[in-house]
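Take a look at the structure set out below.
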Amino acid sequence: MLQLSNEEIVKGIRNRKKDVFEAVFKQFAPSMYNIAVRYVKDEDTANDMVQDVFLNLWKNAENLDERAPIQHYLSRATVNTCLNCIKKEQRKETYTKEQMHVATPAETTHQLLEHKELETQYRYALEKLPDQCRRVFEMSRFNGLSPAEISEQLDISINTVYAHLTTALKKLRVVLINKQ
C-alpha cells in the first residue's frame, strides 16, 4: 500500500497514474461501499455506486482540489451518487403507478375517435398549403431536415425556407383552431 499525502494522491490521479488510482481504490472503496449500502440497502447496487464514483473520479481528475481531502470528496460523491439513484428509482415508481391507470373501453374509443378526427383535420390543413410551402414543411417535420439542408435540396434561400415554415405553421394553427 502506497503511503501518500493528499496532495500526492490528487496529483497522481490528475496525472493518470494507475498505481496511485489503484492504491486509492484499495484504501477507500470498502468504506465507500459501506456508505452506499446504508443508502441503497442493496449490495449489488452499492457496488455499482462505488464503481461509478471511482469511474467519475478518473474521468474528472482534472477537477480535483488538492486542498480537499480525497476521502471527503469520495464520501460526498458516494452519497450524491446514491441519492441520485434513489431519486431515479422513485421517479420510475411514480411513472409506473401513473401508467397503471387503465382507460375504460369507452374512454379508449372516444380517444381514438378524437385522434382520428384531429388527424383528418391536420391532413386537410396540410393539403390546403401551397405546394412549395407544404414540401418545405414536410421535409422539416417528417424527414427531420434542417433549414440549411432544405435550402440546399430545393435550391432556395434559407430565409425562404424559414418563411415557408412560418407560413405553414400559421395556416395549420388557424385551420386546426377553427375546426375545434
### side-chain hydrogen bond (donor to acceptor under 3.5 Å, both in side chains) between Thr160 and Ser157, worked out
CA-CA 5 Å; Thr160 303; Ser157 77; 2.8 Å; yes
### Query
Do Leu154 and Arg135 pass the side-chain contact (heavy atoms from CB on, under 4.5 Å) test, and can you show the C-alpha distance, the side-chain angles, and the key distance before you say yes or no?
CA-CA 9 Å; Leu154 297 179; Arg135 189 174 308 117; 3.8 Å; yes
### Message
I'd like to know whether Met32 forms a side-chain contact (heavy atoms from CB on, under 4.5 Å) with Phe54, so could you lay out the CA-CA distance, the side-chain angles of the two residues, the decisive distance to 0.1 Å, and finally the verdict.
### Response
CA-CA 10 Å; Met32 297 309 116; Phe54 279 93; 4.3 Å; yes
### Message
Using the rule given for side-chain contact (heavy atoms from CB on, under 4.5 Å), can you reason through Leu57 versus Tyr73, listing the C-alpha separation, both sets of side-chain angles and the distance that settles it, and then say yes or no?
### Response
CA-CA 9 Å; Leu57 173 67; Tyr73 170 84; 3.5 Å; yes
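Applying the ring-ring contact (aromatic ring centres under 6.0 Å, His included) test to every pair with at least one member in residues 139-170, sequence neighbours left out, gives no pairs at all. Contacts classified as salt bridge (charged side-chain N to carboxylate O under 4.0 Å, His left out) and involving residues 122-133 (residues at least two apart or in different chains) are given here: Glu119-Arg123, Asp131-Arg134. Sorted by first and then second residue, the salt bridge (charged side-chain N to carboxylate O under 4.0 Å, His left out) pairs involving residues 70-91 (not counting sequence neighbours) are Glu89-Lys92. Legend: side chain to side chain donor-acceptor pair (under 3.5 Å) pairs involving residues 43-61, not counting sequence neighbours, sorted by first then second residue: Asp42-Thr45.
Side-chain contact between Arg141 and Leu169: present, with at least one pair of heavy atoms (C-beta onward) separated by less than 4.5 Å. With contacts defined as side-chain heavy-atom distances shorter than 4.5 Å, the pair Leu118/Tyr122 does not qualify.
What you find for Ala46 and Val40 is that their closest heavy atoms are N-CG2, 3.7 Å. When all heavy atoms are compared, the tightest approach of Ile35 to Ser75 is CD1-OG, 3.9 Å. The minimum heavy-atom distance between Met49 and Cys85, with the atom names listed, is SD-CB, 3.7 Å. Contact record, Phe137 with Leu165: CA-CD2, 3.9 Å, taken as the closest heavy-atom pair. Closest approach of Val79 to Tyr39, counting heavy atoms only: CG1-OH, 3.6 Å. Across Phe25 and Pro30, no two heavy atoms sit closer than the pair O-CD, 4.1 Å.
Between the side chain of Ser140 and the backbone N or O of Val136 there is no donor-acceptor pair closer than 3.5 Å.
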Return all side-chain donor-acceptor pairs below 3.5 angstrom for residues 145-153, not counting sequence neighbours, or 'none' if the list is empty.
residue	atom	partner	partner atom	Å
Ser146	OG	Glu149	N	3.2
Ser146	OG	Glu149	OE1	3.4
Glu149	OE1	Ser146	N	2.8
Ser151	OG	Ile156	O	2.4

Return a table of donor-acceptor pairs under 3.5 angstrom between the side chains of residues 5-15 and protein atoms on other chains or two or more places apart.
residue	atom	partner	partner atom	Å
Ser5	OG	Glu8	N	3.2
Ser5	OG	Glu8	OE1	3.3
Asn6	OD1	Ile70	N	2.7
Asn6	ND2	Glu66	O	3.0
Asn6	ND2	Ala68	O	2.9
Glu7	OE2	Lys11	NZ	3.1
Glu8	OE1	Ser5	N	2.7
Arg14	NE	Leu64	O	3.3
Arg14	NH1	Glu66	OE1	2.9
Arg14	NH2	Leu64	O	2.1
Arg14	NH2	Glu66	OE1	3.1
Asn15	ND2	Lys11	O	3.0

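To the nearest 0.5 Å, the span separating NZ on Lys18 from CZ on Arg16 amounts to 11.0 Å. Taken from OG1 in Thr167 to CG in Leu129, the straight-line distance is 9.0 Å, to the nearest 0.5 Å. Here Gln27 contributes atom CD and Leu4 contributes atom CG; the two are 9.0 Å apart, rounded to the nearest 0.5 Å. Atom CG in Leu176 sits 11.5 Å away from atom OH in Tyr124 (nearest 0.5 Å). Atoms OG1 and CZ, on Thr78 and Phe28 in that order, are 11.0 Å from each other to the nearest 0.5 Å. Once rounded to the nearest 0.5 Å, the distance linking CD1 of Ile86 with NZ of Lys41 reads 7.5 Å.
Salt-bridge annotation for Arg67 and Asp65: present, with a side-chain N of the basic residue lying under 4.0 Å from a carboxylate O of the acidic one.
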